[in-house]
A.B. asks: 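What follows is a structure written as structure tokens; I'll ask about it next.
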Amino acid sequence: METAELIEHLHAEGRLLAGAAEAAGPDAAVPTCPGWRIRDLLRHTGTVHRWATAFVTEGYTDHHPDAGEPDLDGTALLEWFRQGHGLLVEALSEAPADLDCWTFLPAPSPLAFWARRQAHETAVHRVDAESALGEPGPVPERPAADGIDELLCAFHGRRRSRVRTEVPRTLRVRATDTGDVWTVRLSAEPPRTVRSAEGPADCELSGPAGRLHLVLWNRLPVTDVALDGDRELARLWRESSAITWS
């Protein structure tokens with residue numbers, strides 16, 4: 001996706017997140033994040049937004065810590081979240097194409113990285129907010145496919161990925177609505193993902209990109225998509241693929 005599209009996606013998802021959080025109330029449980037209430041979700045996501053904004057506006061070229069979560073609640077917390085989300089969208093929209101700052105995943109440019117990362121971060125947490133109200137709405141197919149690509153090729157291409165298996169195995173992910181296919185080769189080393197359907201796979205997950213995206217981020221059960229082959233690979237993914245904030 002183009003950077004401008006990702007910024008629009010970020011804008012839309014943040015507004016939806018805030019709306020769902022307001023409707024649910026700060027004390028509502030977040031089923032997709034066990035142990036969290038809506039206030040925890042707003043504090044976390046709002047902190048990440050401000051952290052990202054600092055790299056874009058200040059041009060930090062090394063890792064810079066976040067400012068910590070606020071001691072806010074209720075209406076004040078919601079307004080703080082909305083303000084921070086707006087500042088992030090504004091910073092990305094006004095940033096120069098040759099922005100130079102720190103990043104932590106492969107990307108064509110720092111601007112492309114931060115737009116992509118924050119768009120998908122916010123989309124997943126919008127789903128979390130909506131889960132407090134019941135069934136969350138889908139992630140649109142193009143952003144969902146891009147989010148799958150970021151998760152498989154970028155996040156789980158890093159050495160810190162915990163998705164490992166002593167016996168080499170192959171997981172295939174197929175988005176039936178966008179035509180995107182990823183083949184994830186698992187071993188005792190970090191996963192290696194290619195955008196290809198070539199070769200056999202021990203397990204294939206297939207379905208609409210929006211549902212696959214949420215299954216792979218452990219926001220929906222694997223039963224929400226089609227599974228063909230070794231169910232143990234799906235279990236391995238669910239138990240070891242979580243991306244943590246630290």
Side-chain angles (χ1 to χ4, degrees), residues 1-24 26 30 38-61 63-70 72 75-105 107-130 132 136-151 154-155 210 213-214 217 219 243 245:
M1 291 179 67
E2 296 296 325
T3 297
E5 290 181 272
L6 289 164
I7 295 171
E8 283 298 316
H9 183 48
L10 166 64
H11 182 221
E13 293 289 347
R15 289 170 64 88
L16 289 171
L17 193 164
E22 184 172 29
V30 180
I38 284 291
R39 64 173 58 87
D40 302 305
L41 181 66
L42 289 174
R43 289 168 181 166
H44 165 76
T45 312
T47 297
V48 173
H49 283 172
R50 281 169 163 75
W51 177 71
T53 300
F55 287 103
V56 177
T57 59
E58 302 300 326
Y60 296 125
T61 54
H63 178 267
H64 191 78
D66 66 84
E69 295 185 0
L72 295 172
T75 301
L77 175 59
L78 189 62
E79 288 308 307
W80 175 85
F81 172 82
R82 283 181 164 133
Q83 180 188 52
H85 170 249
L87 290 171
L88 175 59
V89 171
E90 180 181 0
L92 290 167
S93 299
E94 296 181 355
D98 61 353
L99 172 70
D100 182 23
C101 66
W102 179 82
T103 62
F104 60 88
L105 295 175
S109 71
L111 178 58
F113 164 79
W114 284 110
R116 186 189 208 196
R117 178 79 292 276
Q118 291 308 299
H120 298 318
E121 173 88 6
T122 306
V124 168
H125 288 317
R126 182 268 296 169
V127 168
D128 292 331
E130 291 181 348
V139 177
E141 62 182 40
R142 274 176 52 78
D146 190 71
I148 294 170
D149 193 76
E150 183 199 47
L151 180 64
F155 270 117
H213 180 244
L214 296 181
W217 272 102
R219 263 52 184 195
I243 304 297
W245 166 255

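Quick note: numbers below take in every heavy atom, side chains included, and nothing from hydrogens, waters or symmetry partners. A quick note: this is a predicted structure, and the numbers were derived from the prediction, not measured. Counting begins at 1 with the first residue of the sequence.
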A.B. asks: Work out which heavy atom in Pro110 is nearest to a heavy atom in Thr103; give both atom names and the distance.
C.D. replies: CA-CG2, 3.7 Å
A.B. asks: Do the side chains of Thr47 and Pro70 get nearer than 4.5 Å, heavy atoms only?
C.D. replies: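 SC-SC contact between Pro70 and Thr47 confirmed.
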A.B. asks: Name the orientation class of the two ring planes belonging to Phe104 and Phe113 (parallel below 30°, tilted from 30 to 60°, perpendicular beyond 60°).
C.D. replies: perpendicular
A.B. asks: Say you draw a straight line from CG of Leu151 to CD1 of Ile148; how long is it, rounded to the nearest 0.5 Å?
C.D. replies: 8.5 Å
A.B. asks: With sequence neighbours excluded, tell me which residues meet side-chain contact (heavy atoms from CB on, under 4.5 Å) with Glu58.
C.D. replies: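 side-chain contact (heavy atoms from CB on, under 4.5 Å) check on Glu58 returns Tyr60.
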A.B. asks: Please find the pair of heavy atoms, one from Ala97 and one from Leu111, that lie closest to each other, and give the distance.
C.D. replies: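 Result for this residue pair: CA-CD2, 4.1 Å.
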A.B. asks: How long is the span from the CD atom in Gln118 to the OG1 atom in Thr53, to the nearest 0.5 Å?
C.D. replies: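 Rounded to the nearest 0.5 Å, the CD-OG1 separation comes to 7.5 Å.
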A.B. asks: Have a look at Asp146 and tell me which of Glu5, His213, Arg116 forms a side chain to side chain contact (heavy atoms under 4.5 Å, CB included) with it.
C.D. replies: Arg116
A.B. asks: Any donor-acceptor pair under 3.5 Å linking the side chain of Arg39 with the backbone of Leu72?
C.D. replies: no
A.B. asks: For the residue pair Ile38 and Ala21, what are the closest heavy atoms and their distance?
C.D. replies: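 Scanning both residues, the minimum pair turns out to be CG2-CB, 3.7 Å.
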A.B. asks: So which atom in Ile7 and which in Ala115 form the shortest heavy-atom distance, rounded to 0.1 Å?
C.D. replies: CG1-CB, 4.0 Å
A.B. asks: Using the rule given for side chain to side chain contact (heavy atoms under 4.5 Å, CB included), can you reason through Arg50 versus Asp66, listing the C-alpha separation, both sets of side-chain angles and the distance that settles it, and then say yes or no?
C.D. replies: CA-CA 8 Å; Arg50 281 169 163 75; Asp66 66 84; over 6 Å; no
A.B. asks: Taking the side chain as every heavy atom from C-beta outward, state whether Thr61 and Cys101 have any pair of such atoms under 4.5 Å apart.
C.D. replies: no
A.B. asks: Going through the checks in order, is the side chain to side chain contact (heavy atoms under 4.5 Å, CB included) test met by Glu13 and His125?
C.D. replies: CA-CA 9 Å; Glu13 293 289 347; His125 288 317; over 6 Å; no
A.B. asks: Are the side chain of His85 and the backbone of Leu10 linked by a donor-acceptor contact shorter than 3.5 Å?
C.D. replies: yes
A.B. asks: Output all residues satisfying ring-ring contact (aromatic ring centres under 6.0 Å, His included) with His120, sequence neighbours left out; order by chain, then residue number.
C.D. replies: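 ring-ring contact (aromatic ring centres under 6.0 Å, His included) check on His120 returns nothing, list empty.
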A.B. asks: How long is the span from the CG atom in Leu6 to the CD atom in Glu2, to the nearest 0.5 Å?
C.D. replies: 8.5 Å
A.B. asks: Determine, step by step, whether Val30 and Asp40 satisfy the side chain to side chain contact (heavy atoms under 4.5 Å, CB included) criterion, reporting the C-alpha distance in whole Å, the side-chain angles of both residues, the deciding distance to 0.1 Å, and the verdict.
C.D. replies: CA-CA 9 Å; Val30 180; Asp40 302 305; over 6 Å; no
A.B. asks: Can you check whether Met1 reaches Pro143 side chain to side chain, under 4.5 Å on heavy atoms?
C.D. replies: yes
A.B. asks: For His9 and Thr122, test the side chains for any donor-to-acceptor distance below 3.5 angstrom and give the result as yes or no.
C.D. replies: no
A.B. asks: Roughly how far, to the nearest 0.5 Å, is CG of Asp128 from CG of Leu42?
C.D. replies: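 Between atom CG of Leu42 and atom CG of Asp128 there are 11.0 Å.
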A.B. asks: Give the ring-plane orientation class for Trp102 versus His63, where under 30° counts as parallel, over 60° as perpendicular and anything between as tilted.
C.D. replies: perpendicular
A.B. asks: If you look only at pairs with a residue in residues 81-97, which of them pass as a salt bridge (Lys or Arg N to Asp or Glu O under 4.0 Å), with sequence neighbours excluded?
C.D. replies: Glu22-Arg82, Glu79-Arg82
A.B. asks: Quick one: are Arg126 and Val139 in side-chain contact, heavy atoms under 4.5 Å?
C.D. replies: yes
A.B. asks: CG of Leu92 to CG of Leu87: how many Å apart, nearest 0.5 Å?
C.D. replies: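 Here the interatomic distance stands at 11.0 Å.
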A.B. asks: To the nearest 0.5 Å, what is the distance between CG (Leu17) and CG (Leu41)?
C.D. replies: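 Output value for this atom pair is 5.5 Å.
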A.B. asks: So, for Leu78 and Ala18, which heavy atoms are closest and what is the spacing to 0.1 Å?
C.D. replies: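 Scanning both residues, the minimum pair turns out to be CD1-O, 3.7 Å.
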A.B. asks: So which atom in Ala20 and which in Glu130 form the shortest heavy-atom distance, rounded to 0.1 Å?
C.D. replies: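 That closest heavy-atom pairing would be CB-CG, 3.7 Å.
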A.B. asks: Would you call the rings of Trp51 and Trp114 parallel, tilted or perpendicular, where under 30° means parallel and over 60° means perpendicular?
C.D. replies: perpendicular
